[in-house]
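Before any comments, here is the structure.
Both ligands and their constituent atoms are indexed starting at 1 by order of listing. Numbering starts at 1 and runs along the sequence shown. Predicted model only: the values in this text are computed from it and were never measured.
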Amino acid sequence: MLTQVADGVWVRQSAWVWTNSIVVRGDAGVILVDPGIDGSELDQLADDLDRLGIPVVAGFSTHPHWDHLLWHSRFGDVPRYATPAGAQAATQARERAQAMAAESASGIPLELIGLVTPLPPDGDPVPGEILEHEAHAIGHAAVLLADRGVMLAGDMLSDVLIPLLDDRRRDQVGAYETALDRLGEAARHVDVVVPGHGAVAEGPEVAARLGADRAYIDALRRGEEPVDERLAAADWLSGPHQSNLNQARGR
Ligand SMILES: [Zn+2]
């Protein structure tokens, strides 16, 4: 089921790690951001889009991780975009993404994974402003829809996931600090944030999300063990959390 969260912005949440598929109305039709996860859910999303009655004109992947690179034939053979760095990484990691998708979820059209192309420099096919940064994944981008008071945050500002540092790159603590500054600035123009995973944040919750991610990163910066409610809520995060600590201490 699609839930409208702002003018021309709808969200459908998957049971798999509360993943949000996002539908954004543009001039010529809708843009589908990070659709997921299971094949049956993608099929239901296609039904939802049929009911909405607006054609899909493009896709956008916020970053090159498998759960943000999915597609279904019913969405149509339209261009699927990412930042240039994200598109390059997605192409290189395509086989790995297919293997991870096959392992993690069912019924995913594996042949459609990761077929993304670089967004043109003017960003024209995707409404709003693309906020690219270096945190979490290469070529990661948030989408700021300032005129609708909405930001699509990708895998940042979640109420269920802690910041997940990219363990293959150096100085992710610094990358998160810079990215959170940028998203914090953008958040002054919004009252709705849609994270890649978790509940949509509205009103004062937006600042709370920024505060939670900042507190986690600040603790890493100080060389301390972050205290974070999200860790208590999902024990499988202890692995990624430990890897964050290792990276922060080994910098
Ligand atoms: Zn994700």
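- Taking the six-membered ring where tryptophan is involved, the planes of H65 and H136 are perpendicular, since the angle between them exceeds 60° and thus also 30°.
- Among the backbone and side-chain atoms of H68, an N/O/S atom is found under 2.8 Å from the Zn ion (ligand 1).
- Among residues two or more places apart in sequence or in another chain, the side chain to side chain contact (heavy atoms under 4.5 Å, CB included) test is passed with A105 by I37, D38, W66, I108.
- The only option from P79, P125, P84 that meets the side-chain contact (heavy atoms from CB on, under 4.5 Å) definition with P120 turns out to be P125.
- Under 2.8 Å from the Zn ion (ligand 1) lies no N/O/S atom of H63, from backbone or side chain alike.
- Per residue D67, closest N, O or S atom to the Zn ion (ligand 1): atom name OD2.
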Practice prompt. Give the C-alpha distance, both sets of side-chain angles, the deciding distance and a yes or no for side-chain contact (heavy atoms from CB on, under 4.5 Å) between L45 and D47.
Written response: CA-CA 5 Å; L45 177 57; D47 288 340; over 6 Å; no
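- Per residue D155, closest N, O or S atom to the Zn ion (ligand 1): atom name OD2.
- Interatomic distance, I217 CD1 to R222 CZ, rounded to the nearest 0.5 Å: 11.5 Å.
- Its N, O or S atom nearest to the Zn ion (ligand 1) is what matters here, and for H197 that atom is NE2.
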